[in-house]
Amino acid sequence: AFYPALAALAGYLVGSLSFAVIVSRVMGLNDPRTYGSKNPGATNVLRSGSKAAAIVTLLLDALKGWLPVMAVAWWGKPYGLEEGTMALVGLAAFLGHLYPVFFRFVGGKGVATAMGVIVATSGWLGLAVGLTWLIIAYAFRYSSLASLVAAVFAPVYYAFGDGVAWVMDKSLLLSAIVMSLLLIWRHSENISRLIKGTESKLGSKKKA
Ligand code: G3P
């Protein structure tokens with residue numbers, strides 16, 4: 001259990017890099033934890049008015065979920081690390097984003113990072129979940145609603161998408177379910193805003 005634990009720790013540390021805060025600082029923008037939804041995530045960075053900063057945040061937050069899982073897939077075999085460790089490391093990176101050790105454990109909601117983890121475990125699944133997000137975001141203009149719908153569908157696609165899902169280690173499915181549940185829970189304020197009709201739409205800089 002030494003190597004899986006070490007890999008999980010590395011995943012958690014990488015996940016703890018809150019890129020919304022880091023990118024904003026580097027680009028001389030306000031701290032995303034001080035405006036809008038106060039969430040350190042790409043959606044809220046977009047509310048600063050800088051599309052570039054939001055895109056870089058999205059890509060880096062996704063990369064930090066993708067890379068640890070891929071690292072296990074590429075280099076894990078000699079150390080006996082298989083799909084179970086991929087699932088563990090992906091979950092660890094996701095948890096790092098939610099509870100970053102470098103930012104007093106105050107992190108984001110995990111959408112981009114979960115997306116990176118999913119793409120690393122299956123390109124087709126990533127495509128399906130990504131398209132789900134885009135369709136809902138385009139139709140309703142709420143980033144949070146798109147994230148919530150994608151989070152509900154991700155494990156469903158995983159379990160029923162194709163036969164491949166059942167050949168794969170169940171730990172990947174389990175980690176997808178855990179990520180979805182945590183992600184939905186982290187959106188509880190968004191859910192009440194959506195119900196009240198006060199959630200801010202994509203493209204508006206209004207306070208969330
Ligand atoms: O990525 C998080 C998104 O789903 C909602 O973000 O800032 O609107 O709470 P935000």
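Note that ligands are numbered from 1 as they come in the structure, with each ligand's atoms numbered from 1 the same way.
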Next on the checklist: Heavy atoms only, cut-off 4.0 Å: how does L148 contact ligand 1, side chain, backbone, both, or neither?
Outcome noted: neither
Next on the checklist: Can you name the atoms of ligand 1, numbered from 1 with element, that are less than 4.0 Å from a heavy atom of T43?
Outcome noted: 1 (O), 3 (C), 6 (O), 8 (O)
Checklist outcome for this item: Excluding L88, membership of its hydrophobic cluster (Ile, Leu, Val, Met, Phe, Trp, Tyr; side-chain heavy atoms within less than 4.5 Å) reads none
Item to check | Contact atoms of ligand 1, heavy-atom distance to R47 under 4.0 Å | outcome: 7 (O), 8 (O), 10 (P)
Item to check | Enumerated ligand 1 atoms positioned under 4.0 Å from heavy atoms of V111 | outcome: 1 (O), 2 (C), 4 (O)
Item to check | K109: numbered ligand 1 atoms lying under 4.0 Å from its heavy atoms | outcome: 9 (O), 10 (P)
Item to check | Distance-only N or O hit between ligand 1 and E199, under 3.5 Å | outcome: no
Checklist entry - Considering residues, nucleotides and ligands other than Y99, do more than 12 of their heavy atoms fall under 6.0 Å from its OH? => result yes
Item to check | Any S143 heavy atom less than 4.0 Å to ligand 1 | outcome: yes
Checklist outcome for this item: Note: heavy atom closest to atom 7 (O) of ligand 1, options A151, G110, S37, belongs to S37
Next on the checklist: My understanding is that we take every heavy atom of each candidate and find the minimum distance to atom 2 (C) of ligand 1. Doing that for K201, H187, M115, which one comes out nearest?
Outcome noted: H187
Next on the checklist: Assess, by modelled atom type and distance only, whether the side chains of S37 and E189 contain a donor and an acceptor separated by less than 3.5 Å.
Outcome noted: no
Item to check | Heavy atom of E189, distance to ligand 1 below 4.0 Å | outcome: no
Item to check | For L29 against S50, the heavy-atom pair lying closest together | outcome: CD1-CB, 3.9 Å
Item to check | Nitrogen or oxygen of N39 less than 3.5 angstrom from that of ligand 1 | outcome: no
Item to check | Contact with ligand 1 for G41, non-hydrogen, under 4.0 angstrom | outcome: no
Next on the checklist: Could you check, using the six-membered ring where one of them is a Trp, whether Y79 and Y3 have ring centers closer than 6.0 angstrom?
Outcome noted: yes
Checklist entry - With A20, which residues qualify under side chain to side chain contact (heavy atoms under 4.5 Å, CB included), at least two apart? => result P32, P40, V45, T57
Checklist entry - Can you list the ligand 1 atoms lying under 4.0 Å from a non-hydrogen atom of N190? => result 5 (C), 8 (O), 9 (O), 10 (P)
